[in-house]
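Notes for the one structure printed next.
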Amino acid sequence: MKKSLIAMAAGMGSRFGGLKQAAKFGASQKVMLDFAIEDAMNAGFSKLVFVIRSDIEKVFREDVSGKYENKIDVRYVFQDKSGQPLPEGRTKPWGTGHAVLACQDEIQESFLAINADDFYGAGVYKLASEFIDNSSPTTYALAGYLLKNTLSENGTVSRGICSHDGNLNLCGVKEFGGLKKVSDNPMKIESDNGDIFTGEEYTSLNFWAFPKEFMETLGTQFDEFLSKNSKDAKAEFYLPFAVDTAIKTGIATAKILPTEERWQGVTYREDMGAVEKFLQDNGRI
């Protein structure tokens, strides 16, 4: 089955201090998205759709995407130019749900949507590919990472913790901020509100598999969102919210695809060294 990869790369990394998508690792000078593209292509994805902003197109094509244009079907979508003009006082697009919806004219097949600045691990691309090959128009999937495998040693992180039934059907995703490990034995992770986790909780890192029909559902939800928030300078249309709405209204179901992969990402500049060592130890650079 034909499958596409949507890489959401329109965001700048304020805590990192620059364009995280262009941070380079090792002698190969690969960027984080290179690993995602390699893993997706190896798993059978045949089209790449990059969601970027018009002002980063030049550096993005030079440092990230240009080298793939003669190897695979590559498309570009500019989130800042998608849809109606932003209200006065707002400078950023409407969030991850809007980023995926911006690709609707480029997507005629099932697809995977990911963050461009996260390392997810090769295994989840294979899981997603197999899921898509055997899925229905009303079933979505989310890679479920163990919370303990998604932390930074250099500061706190925000994570979406998944709730689910006994068959790993997703019931919801709740965001927790300020997460940090406070003890190892037993493992104890605490949020900024004092919530305590064991580290074994399934966690969303925005790694979603969807049928093409999801675009129509997303469009309907976004229209409803804009009817209430079109003049709001801060409102966000998040992808997990769109999935949650589809589940709660009975439009679709979503499966958690469990993975033992360890997430890697550059949340802080100090993460660079640890990420590079991880990539070296795992033979990726």
Distance-only donor-acceptor hits, side chain of residues 71-78, under 3.5 Å, sequence neighbours excluded:
residue	atom	partner	partner atom	Å
Asp73	OD1	Arg75	NE	2.8
Asp73	OD2	Arg75	NE	3.4
Asp73	OD2	Arg75	NH2	2.9
Arg75	NH1	Glu106	OE1	2.6
Tyr76	OH	Ser65	OG	2.7
Tyr76	OH	Glu69	OE2	2.6

(message) Could you tell me if the side chain of Phe222 sits less than 4.5 Å from the side chain of Leu218, heavy atoms only?
(response) no
(request) For Asp223, look at atom CG and say whether over 12 heavy atoms of other residues, nucleotides or ligands are found less than 6.0 Å away. (result) yes
(request) Report the residues that fulfil side chain to side chain donor-acceptor pair (under 3.5 Å) with Lys67, sequence neighbours left out, ordered by chain and then residue number. (result) Asp34
(message) Please enumerate all residues that pass ring pair (Phe, Tyr, Trp, His ring centres under 6.0 Å) together with Tyr125, with sequence neighbours excluded.
(response) Phe207
(message) Tell me every residue that passes side chain to side chain donor-acceptor pair (under 3.5 Å) with Thr198, counting only those two or more places apart in sequence or in another chain.
(response) Glu201
(message) List the residues meeting salt bridge (Lys or Arg N to Asp or Glu O under 4.0 Å) with Lys255, not counting sequence neighbours, and say none if there are none.
(response) none
(request) Taking only Lys NZ, Arg NE, NH1 and NH2, and the carboxylate oxygens of Asp or Glu, determine whether Glu130 and Lys126 approach each other closer than 4.0 Å. (result) no
(message) Please tell me whether Asn169 and Thr253 have a donor and an acceptor in their side chains that are separated by less than 3.5 angstrom.
(response) no
(request) Answer whether the closest heavy-atom distance between the side chains of Phe25 and Val275 falls below 4.5 Å. (result) yes
(message) Assess whether a salt bridge exists between Lys181 and Glu190, defined as any Lys/Arg side-chain N lying under 4.0 Å from an Asp/Glu carboxylate O.
(response) no
Per-pair distances, 0.1 Å, donor-acceptor, side chain in residues 98-105, under 3.5 Å, sequence neighbours excluded:
residue	atom	partner	partner atom	Å
His98	ND1	Gln79	NE2	3.2
His98	ND1	Trp94	N	3.4
His98	NE2	Ser82	O	3.3

(request) Under the salt bridge (Lys or Arg N to Asp or Glu O under 4.0 Å) rule, collect the residues that match up with Glu57, sequence neighbours excluded. (result) Arg61
Under 3.5 Å, sequence neighbours excluded: what are the donor-acceptor pairs made by side chains of residues 238-249?
residue	atom	partner	partner atom	Å
Asp244	OD1	Lys248	NZ	2.6
Asp244	OD2	Lys248	NZ	3.3
Thr245	OG1	Phe241	O	2.9
Lys248	NZ	Cys171	O	3.4
Thr249	OG1	Thr245	O	2.7
Thr249	OG1	Ala246	O	3.4

(message) Tell me every residue that passes salt bridge (Lys or Arg N to Asp or Glu O under 4.0 Å) with Asp165, counting only those two or more places apart in sequence or in another chain.
(response) none
(message) Can you list everything that forms a side chain to side chain donor-acceptor pair (under 3.5 Å) with Asn193? Sequence neighbours excluded, please.
(response) none
(request) For Glu200, enumerate each residue passing the side chain to side chain donor-acceptor pair (under 3.5 Å) test, keeping only those at least two apart in sequence or located in another chain. (result) Lys148
(message) Under the side chain to side chain donor-acceptor pair (under 3.5 Å) definition, can you give me all pairs with a residue in residues 207-216, not counting sequence neighbours?
(response) Asn206-Trp208
